[in-house]
Amino acid sequence: MSRVEFDSIRKAYGPTVALAGVSFTVSDGEFLVIVGPSGCGKSTLLRVVAGLESPDAGRVLIDGADVTPRPPKDRGVAMVFQSYALYPHWTVHDNIAFPLKIRRVAKDDIARRVRQIADALQLTAQLTRRPRELSGGQRQRVALGRAMAADPRIFLFDEPLSNLDAPLRAGMRREIVARQKELGKTSLYVTHDQTEALTMADRIVVLESGTLMGIGTPQALYDDPPNRFVAQFLGRPTINMLDAVVRQSDGALVVDPYGWRTSSRPAGAWPAAVEVGVRPEHVQLRADDDGRWRIASQEFLGDKVQCVVTDGPRQLTVLAEAHAALPIGAPVAPEPRPDRLLFFDPPSGQRLRATV
């Protein structure tokens, strides 16, 4: 069992609040990704778990035990850093073996364990090389292997892939998730890349300015965001957000000035003026000679075309099927899926809930 609980964690650096009373629980064996923009507090939160930072208030509990006062070596965690943090004059074998050597494991056992880890990470042929002789992806696998050799209760990853190019990042994402599932270790993974969050996580924590903005599975946060910030942070292209007015007519909720209709009903009191959100893939473009919207630009993406359509100052991004793309300048009528319209309170950004 390796459950991690954050109990009202607060941390400030002078006047800057890095964590503003953050509370949530990471389940045993879970791969939890902490995501948010630069400066949101995600790396500080990871360092608090590791014992590299002390919170100003609150507690970190592992399996119910308060580890806040414990030094890093007594917490049962291993950290994989963005910079790899490998010893440059040591071989791959020695870098991986280091946690075993400081625990005074027998030489034969060290050799066997390093070989097992190298086989699992496809590093067997590199065991006698030094870090400068390796590619970025190989160095990151060595850093992961060293963490595996420590046999921690909890893995901590601090933006480990940000130094790699796109193809290497995709391969390492799969590698890290496969190893985590194989070992069954509770893992906390920090990134600013929402693609990493959506593709790797069992659950995602979204932070902004030290505040927890949302927590849930990738699909739940994407399809059913609790607020405007989470809706806009997750998803590329970014969700469309438009000012609107809602009214009820003939049993339907009508979104003006667009004329969009949905059978949803407000759950509770709504303001008349709202923000309506719709993701680009949930909008269809219909050719309409009388339409006020025009296709302003297009980007070919292979199977899709990313279109920007405008109606005066209003603008929508739409992902259309490539084979059905209309020419730039064509008049169109954008038709969002009625069940995919999301509504938000403009001042607070909080989600306005609806029922069918």
Side-chain angles (χ1 to χ4, degrees), residues 4-26 30-60 68 77 79-83 154-164 169 173 176 186-239 241 275 277 342 344-345 347-351:
V4 182
E5 299 173 66
F6 297 91
D7 180 14
S8 303
I9 299 294
R10 295 186 60 85
K11 180 68 178 180
Y13 301 97
T16 302
V17 177
L19 297 169
V22 174
S23 296
F24 63 90
T25 299
V26 188
E30 183 175 26
F31 195 105
L32 183 129
V33 175
I34 305 167
V35 69
S38 297
C40 71
K42 54 189 184 293
S43 290
T44 300
L45 193 62
L46 207 67
R47 291 173 66 83
V48 167
V49 183
L52 302 177
E53 298 278 359
S54 297
D56 299 328
R59 303 181 301 162
V60 176
T68 314
V77 303
M79 199 160 181
V80 179
F81 296 93
Q82 173 183 349
S83 61
I154 298 159
F155 281 115
L156 305 176
F157 298 90
D158 191 6
E159 304 209 45
L161 308 184
S162 60
N163 288 337
L164 305 181
R169 281 202 304 271
R173 286 200 301 262
I176 289 172
T186 305
S187 300
L188 285 75
Y189 185 105
V190 158
T191 182
H192 65 276
D193 186 335
Q194 54 95 28
T195 299
E196 286 184 19
L198 291 170
T199 57
M200 298 177 74
D202 294 325
R203 283 191 306 156
I204 295 172
V205 162
V206 183
L207 293 180
E208 164 63 353
S209 300
T211 299
L212 194 153
M213 301 298 289
I215 182 168
T217 65
Q219 185 165 4
L221 287 182
Y222 186 83
D223 290 341
D224 191 22
N227 51 59
R228 179 175 56 218
F229 180 83
V230 172
Q232 291 181 313
F233 190 81
L234 296 179
R236 294 291 181 270
T238 305
I239 190 172
M241 299 294 294
E275 283 184 299
L342 305 174
F344 302 88
D345 176 54
S348 68
Q350 292 302 303
R351 180 79 174 278

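Side chains are part of it too, since the values below use all heavy atoms of this structure and drop only hydrogens, waters and symmetry mates.
Partners of Gln232 under the side chain to side chain donor-acceptor pair (under 3.5 Å) rule, at least two apart in sequence or in another chain, do not exist in this structure. Under the rule for a ring-ring contact (aromatic ring centres under 6.0 Å, His included), the partners of Phe6 that lie at least two apart in sequence or sit in another chain are Phe24. Scanning for salt bridge (charged side-chain N to carboxylate O under 4.0 Å, His left out) contacts around Arg228 gives Glu275, with sequence neighbours left out. With sequence neighbours left out, the ring-ring contact (aromatic ring centres under 6.0 Å, His included) criterion links Phe31 to Tyr189. Considering only residues two or more places apart in sequence or on other chains, Thr68 meets the side chain to side chain donor-acceptor pair (under 3.5 Å) condition with Asp66. Residues satisfying the side chain to side chain donor-acceptor pair (under 3.5 Å) test with Thr191, not counting sequence neighbours, are Glu196. Scanning for side chain to side chain contact (heavy atoms under 4.5 Å, CB included) contacts around Ser38 gives an empty result, with sequence neighbours left out. By the salt bridge (charged side-chain N to carboxylate O under 4.0 Å, His left out) test, Arg351 is found to be paired with Asp224, residues two or more places apart in sequence or in another chain being considered. For the side chain to side chain donor-acceptor pair (under 3.5 Å) test, no residue two or more places apart in sequence or in another chain qualifies with Thr44. Remark: Asp7 engages Arg59 in a salt bridge (charged side-chain N to carboxylate O under 4.0 Å, His left out) (not counting sequence neighbours).
The heavy-atom pair separating Ala50 from Leu156 by the smallest distance is CB-CD1, 3.6 Å. Looking at every heavy atom in both residues, Ile9 comes nearest to Pro55 through CG2-CB, 4.1 Å. Here the shortest heavy-atom pairing between Phe344 and Ala231 reads CZ-CB, 3.8 Å. The two residues Ala197 and Pro218 have their closest heavy-atom pair at O-CG, 4.2 Å. Closest heavy-atom contact between Pro226 and Leu221: CD-CD2, 4.1 Å. Taking each heavy atom of Val190 and Pro160 in turn, the nearest pair found is O-CD, 4.2 Å.
Of the listed residues (Asn227, Val35, Val205), just one forms a side-chain contact (heavy atoms from CB on, under 4.5 Å) with Met213, and that residue is Asn227. In summary, of the residues considered (Leu52, Val48, Asp158), a side-chain contact (heavy atoms from CB on, under 4.5 Å) with Ser43 occurs for Asp158 alone.
The stretch residues 213-223 participates, sequence neighbours left out, in these salt bridge (Lys or Arg N to Asp or Glu O under 4.0 Å) pairs: Asp223-Arg340. Pairs of residues two or more places apart, or lying in two chains, that qualify as side-chain hydrogen bond (donor to acceptor under 3.5 Å, both in side chains) and include a residue from residues 200-212 are Glu30-Arg203, Lys181-Asp202.
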Worksheet entry | Worked check of side-chain contact (heavy atoms from CB on, under 4.5 Å) between Phe229 and Val206 | CA-CA 9 Å; Phe229 180 83; Val206 183; 3.6 Å; yes
Worksheet entry | Residue pair Ile239, Met241: steps toward the side-chain contact (heavy atoms from CB on, under 4.5 Å) verdict | CA-CA 6 Å; Ile239 190 172; Met241 299 294 294; 4.1 Å; yes
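For the atom pair OG1 of Thr195 and CE of Met200, the computed distance is 12.0 Å after rounding to the nearest 0.5 Å. Atom-to-atom distance recorded for Glu53:CD and Leu46:CG is 11.0 Å, nearest 0.5 angstrom. One finds the CG atom of Leu234 at 6.0 Å from the CD atom of Gln194 (value rounded to the nearest 0.5 Å). In this structure, CD1 on Ile204 lies 11.0 Å from CD on Gln219, to the nearest 0.5 angstrom. Rounding to the nearest 0.5 Å gives a distance of 9.5 Å between CG of Leu198 and CZ of Arg236. Annotation: the span from His192 atom NE2 to Cys40 atom SG amounts to 11.0 Å, rounded to 0.5 Å.
Between Pro225 and Phe233, every side-chain heavy-atom pair lies at or beyond the 4.5 Å cut-off. No side-chain heavy atom of Thr25 sits under 4.5 Å from any side-chain heavy atom of Val4. Side-chain contact between Phe157 and Ile176: present, with at least one pair of heavy atoms (C-beta onward) separated by less than 4.5 Å.
Lys42 places a side-chain N or O within donor-acceptor distance of the main-chain N or O of Gly36, the cut-off being under 3.5 Å. Judged by distance alone, the side chain of Ser23 and the main-chain N or O of Ser8 form a donor-acceptor pair under 3.5 Å.
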